[in-house]
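Before any comments, here is the structure.
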Amino acid sequence: MKHGAMFITFEGIDGSGKSTQARLLANALRTEGYDVVLTREPGGSPGAEEIRSLVLEGDPDRWSAETEILLFTAARRDHLERTILPALAMGKVVVCDRFADSTRMYQGLSRGDLRDVVDQLHALMIGREPDLTLLIDMDPALGLTRAKSRQTSEERFEDFGQALQEQMRAGFLALADEFANRFRIVDGGRSPDAVAQDVTRIALEHMA
Ligand code: ADP
Ligand code: TYD
């Protein structure tokens with residue numbers, strides 16, 4: 001088994017193919033001999049999965065923007081303590097579908113200008129960035145069609161529609177600029193295999 005403690009995250013708008021690509025990358029890295037933990041946010045530990053249903057189900061106005069930041073950060077703290085950090089300590093690769101960049105975008109940008117609050121809470125309670133972040137970038141219209149084709153009760157955010165998704169896409173691209181050292185942008189508007197080829201190549205380059 002190869003050792004290579006590395007924390008890789010996927011970011012992008014709803015329906016861009018993050019979970020598909022996270023799964024394909026985990027498989028590709030396992031084939032290469034790495035010990036991989038595939039996880040997601042919100043969630044990734046029993047406590048954080050409970051918080052996931054609180055934030056993703058129910059009325060869109062269920063929580064204020066500030067309360068939502070606290071809930072996502074609480075979930076992340078539990079996920080970090082119980083899943084991510086222990087796996088990295090054992091030399092595993094952690095592949096995670098969304099992380100703090102999603103809070104910077106969804107809570108920090110889409111519901112008012114709360115980016116400072118998000119960053120302060122992150123510094124206080126999380127204090128850890130991924131080693132590599134793959135931004136799956138694509139046309140929001142396509143992402144929304146894909147996301148809507150899934151049957152799920154988790155639709156508080158998808159309900160915001162295409163205008164928000166456009167804003168999110170631009171926001172994620174700006175974030176990739178801000179954290180250029182760890183972000184890589186991948187064109188998600190292609191077949192899953194074509195996207196996965198790029199993703200795997202970039203990840204393996206980083207592991208080397
Ligand atoms: P995300 O996690 O970013 O919301 P998913 O991986 O769940 O995206 O993909 C959303 C939907 O689109 C799923 O039904 C999935 O099977 C499909 N899908 C994923 N990647 C592609 C792709 N490259 N081309 C076409 N459909 C895709
Ligand atoms: P996810 O299950 O990744 O949804 P999708 O597969 O549609 O991309 O995430 C669920 C929703 O949670 C998504 O709309 C984005 C939102 N979210 C936040 O608002 N803040 C966060 O910090 C995270 C991690 C997710």
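Numbering starts at 1 and runs along the sequence shown. Both ligands and their constituent atoms are indexed starting at 1 by order of listing.
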Query raised in the report: What distance do D119 atom CG and L124 atom CG have between them, rounded to the nearest 0.5 Å?
Result: 12.5 Å
Query raised in the report: Salt bridge check: are R40 and E49 linked by an N-O gap of less than 4.0 Å?
Result: yes
Query raised in the report: Under 4.0 Å from any heavy atom of L56, which atoms of ligand 2 are there?
Result: 10 (C), 11 (C), 12 (O)
Query - Cation over ring face, R98 and F10, 6.0 Å, 45° - result: no
Query raised in the report: Is the shortest N/O to N/O distance between T103 and ligand 2 below 3.5 Å?
Result: yes
Query raised in the report: Can R190 be said to touch ligand 1, with heavy atoms closer than 4.0 Å?
Result: yes
**Report entry** ligand 2 contacted by R104 (non-hydrogen, < 4.0 Å)
**Finding:** no
Report task. Please could you name the atoms of ligand 2 that S102 approaches to less than 4.0 Å, counting only its heavy atoms? Result -> 20 (N), 21 (C), 22 (O), 23 (C), 24 (C)
**Report entry** Minimum side-chain heavy-atom gap I202-L132 below 4.5 Å
**Finding:** yes
Report task. Check each atom of ligand 2 against the heavy atoms of R76 and keep those under 4.0 Å away; list them by number with element. Result -> 22 (O), 24 (C)
Report summary line: Filtering T20, D193, D187 for the heavy atom nearest atom 19 (C) of ligand 1 leaves T20
Query raised in the report: Donor-acceptor pair, T73 side chain versus L70 backbone, under 3.5 Å?
Result: no
**Report entry** Close N or O approach (E41, ligand 2; < 3.5 Å)
**Finding:** no
Query - Proximal candidate to atom 2 (O) of ligand 1 [heavy atom criterion; set S19, P192, G188] - result: S19
Query raised in the report: Does any N or O in the side chain of E11 come within less than 3.5 Å of the main-chain N or O of L135, such that one atom is a donor and the other an acceptor?
Result: no
Query raised in the report: Looking only at N/O atoms, are D14 and ligand 1 under 3.5 Å apart anywhere?
Result: no
Query raised in the report: Does the N or O separation between G17 and ligand 1 drop below 3.5 Å for any pair?
Result: yes
Query raised in the report: Would you say K18's side chain and I13's backbone share a donor-acceptor pair under 3.5 angstrom?
Result: yes
**Report entry** Close aromatic pair by centroid cut-off 6.0 Å: Y106 and F72
**Finding:** no
Query raised in the report: Any idea which atoms of ligand 2 are less than 4.0 Å away from a heavy-atom of R52?
Result: 2 (O)
Requested in this report: State the atoms of ligand 2, each with its element, that fall below the 4.0 Å cut-off from a heavy-atom position in D14.
Outcome: 4 (O), 5 (P), 7 (O), 8 (O), 13 (C), 14 (O)
**Report entry** Any N or O of Y106 closer than 3.5 Å to N or O of ligand 2
**Finding:** no
